[in-house]
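Per chain, numbering begins at 1; letters A, B, ... match sequence-line order. This one's a predicted model, so the numbers in the text were calculated from it and none came from an experiment.
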There are 2 protein chains.
Amino acid sequence: MPQSSEDAIGRIEARPPLSVTPPTLADVAERAGVSRQTVSNAINNPDLLRPDTLTRVLESIDALGYSPNRAARNLRTRASHLIGMRIGPAQEGTANATMDRFVHSLVDTSREAGYHVLLFAGAESSTNPLSGYDDLLRSTAVDAFVVTDTYLGNPQAAWLEERRAPFVAFGRPWDAQQNGGRARHSWVDVDGAAGTELATRHLLDKGHERIAWIGWRKDSRIGEDRRSGWTRALHGRGLPTTGLASRVEDTVASGREASAHLLDSAQPSAFVCASDTLAMGVLHTLRDRGLRAGEHVAVVGFDDSQVAQVVPPGLTSVRQPLEQVAVEVVTALEGLLAHPPVVGTGVMLVPTLAVRGSS
Amino acid sequence: MPQSSEDAIGRIEARPPLSVTPPTLADVAERAGVSRQTVSNAINNPDLLRPDTLTRVLESIDALGYSPNRAARNLRTRASHLIGMRIGPAQEGTANATMDRFVHSLVDTSREAGYHVLLFAGAESSTNPLSGYDDLLRSTAVDAFVVTDTYLGNPQAAWLEERRAPFVAFGRPWDAQQNGGRARHSWVDVDGAAGTELATRHLLDKGHERIAWIGWRKDSRIGEDRRSGWTRALHGRGLPTTGLASRVEDTVASGREASAHLLDSAQPSAFVCASDTLAMGVLHTLRDRGLRAGEHVAVVGFDDSQVAQVVPPGLTSVRQPLEQVAVEVVTALEGLLAHPPVVGTGVMLVPTLAVRGSS
DNA sequence: GGCGACCGCTTGATCGTTCCAATGACACCA
DNA sequence: TGGTGTCATTGGAACGATCAAGCGGTCGCC
């Protein structure tokens, strides 16, 4: 027996292929001469074991290359250690990279917390924004959701709340006032107004006084929030905003048109935009007119997308601290899944400004 | 009994919240007056049931809002219906959007095939490229993997093959020649050479004759493959390539430097690049010298990233058919997981050219 | 008339883990 | 000595689904 045991140790490096059934708790237990439950404890509550028993069990686990079967564990504990996140259709023709960066951060962060990220998409056929959530929830495929598109009027948050489904929103609950001022669910968000204020102040410090705004339509709360930072910064220095703002769709073409009109009507020397996409529209207009961004006209975008980072001469942009958002989201999720659960936490983070050649 | 039954039907719209334990197979069976197995068959093999029994069971399923418990099903069938995909660290300062677009397509496609996508990241501490795979595999958390970074020397494919782990590679097996000419695993790839040939021909048709190449270092098989398309197109028209090529790191700065050197030494009228990142470097150089892309010098990139789509005046770029790649990957995965498994299929797809203002 | 195949459905066993209650061993204290 | 308590460990029973075998009944075939 010692002989074969040594053989096994020597084989740790080259573990057997998985073509055969993987070892189970019972296999480990038998090898270590203990019961199944003791092996389970060695993994989940090591301090319950006597030190010598623990080492013996761990040695067996290592020798056999054992990992707990997730399905069995999930079945028993009624938890999957999976976080569901729905991704919308890929946006082409825009500079929207927020979600991709966030997904990366979320995957990294949740791994450290022992969670994996399950991506899903809504059914192609239906435009129902709840599509996908329902099924994953009822089949107990995920423990919780991360909801990212919490624009006003989005039914997801309300629906999930009603279902008592654990979820954390990336995006503040914009309709909180109507509900009595306090959200019933947890959320994490970035202070967009602070970002645009930062951007506008940066331009003011550079000597600009006529700073235009290109943002989204008025029904976008996020857009209006970002716009308020621009207003605040200008009014703070006693400068007017009249005639310097435009609200359009979030496309390059819209940004191009809006900036062309503004240049003609108000002669601004700088633009602050609600997105990098709109800012790229401004760069198009500048190119059309033979103007150089950063020399003749300054431009600032929002999101610090890849586009902002690589476009000549570099687009100054408000950068959301997505890594930190992910950390806060996971922290909130752990709170939700704890016993007893911690609900209704809200965290607001502050963006930074990535300064580049365009300003 | 009919009365309560009707009540239940009326309540289909407003399903009960999930705060209580969800219904199980047994609940449905009891309500429908059949056995558990019959309910199971109603879901997995409907044609085994008599039509009237089937409708009765389905009605019960609907009334109770039943969905099979994933964990229990996974445990019994030894399948998770999850596809694992590792994502690398987010690349900042580049235009590499291939993976994000691919992830979207993969999520969409695999949903239709009944699979979800599980994202994971390598352990931050270790640089071991196998980190993460091992654990997911042994714990039977995923049915198969999609491997995306199959550059030469990458140990993942070999390791997974050795483990008999089902996986499909996005990227051809570059070392196949050394292994006897035929890959033992399934793969899907895009013909990069065809893409650059397409791009170069496009420039030739526009009248360009001195077309430069900016690609990656020689040890990159992908880079050399893409380069060969440029060579082939030029030689096909009897044009020389000498002195017109540069091989550098995949960064904007490298592309900028390389294009500056080439402009000085060889006066090309057009550039074909191995990536949009490098192409952006060229745009930087053009801006530095007061030249306009698409008017004085033509530029073509590779990947059709968001950057290419929004940068003024639009960057012509080779577009990989990632939606189709995803479809082929999922098809191959279904083959792998079938009984008996279908292994070793290889699919090569052809890219297209998205023509924009830069050419 | 006898044999086998098929139909539609049921029953008991099983997947691999964790929860629960109970076990024996041992130390402590009265 | 006996009671009490803690510690380390154990065996049995879930968790909720599918698999495998088998039920009685009907049909077709030689």
- request: With the side chain counted from C-beta on, respond yes when B/M85 and B/F102 share a heavy-atom pair under 4.5 Å apart, and no when they do not.
  value: yes

message: By the 4.0 Å heavy-atom rule, please label B/T77 as base, sugar-phosphate, or nothing.
response: sugar-phosphate

message: For B/D134, is there an ion pair with B/R138 - N to carboxylate O distance below 4.0 angstrom?
response: yes

task: Rounded to the nearest angstrom, tell me the gap between atom CG in B/D52 and atom P in C/dG8.
output: 10 Å

field: Atom-to-atom span, CG of B/N41 to C1' of D/dG22 - whole angstrom
entry: 15 Å

OP1 or OP2 of D/dT9 under 4.0 Å from side-chain N/O of A/T53: yes

field: DNA chain C: 5'-proximal contact among B/S35 and A/A71 (nearest heavy atom)
entry: B/S35

- request: Classify the nucleic acid contact of A/N44 as base, sugar-phosphate or nothing, counting any heavy atom under 4.0 Å across all strands shown.
  value: sugar-phosphate

statement: Separation of C/dT14 atom C1' from A/L75 atom CG, nearest Å, is 12 Å

query: Quick one: which of C/dT17, D/dT18, D/dT10 gets closest to the side chain of A/V34?
result: D/dT10

query: Looking at B/T38, does any N or O in its side chain come under 4.0 Å of the phosphate oxygens OP1/OP2 on C/dG8?
result: no

statement: From CZ of B/R76 across to C1' of D/dC19 the rounded distance in Å is 5 Å

Steps toward side-chain contact (heavy atoms from CB on, under 4.5 Å) verdict (B/R163, B/L137): CA-CA 9 Å; B/R163 288 296 185 102; B/L137 195 54; 4.3 Å; yes

query: Please give, in whole Å, the distance from D/dA14 P to A/R36 CZ?
result: 14 Å

query: Can you find a side-chain donor-acceptor pair between A/S80 and A/D143 that sits under 3.5 Å?
result: yes

message: If the cut-off is 4.0 Å, is B/S40 near the phosphate of D/dC19, judged by side-chain N/O to OP1 or OP2?
response: no

Nucleotide of C/dG16, D/dA8, D/dT10 approaching A/R50 most closely (side-chain heavy atoms): D/dA8

- request: For B/R78, report the nucleic acid contact type (base, sugar-phosphate, nothing); a contact means any heavy atom under 4.0 Å.
  value: sugar-phosphate

- request: Rounded off to whole Å, could you give me the CG-to-P distance for the B/L64 and D/dG16 pair?
  value: 14 Å

task: Output the single nucleotide from D/dA8, C/dT18, D/dA17 whose closest atom is nearest the side chain of A/L25.
output: C/dT18

task: Quickly work out the A/N45 CG to D/dC7 P distance and round it to whole Å.
output: 14 Å

query: Nearest heavy-atom pair of B/L322 and B/F170: which atoms, and what distance?
result: CD2-CZ, 3.8 Å

- request: Mind calculating the distance between CD (A/Q37) and P (C/dA21) to the nearest angstrom?
  value: 13 Å

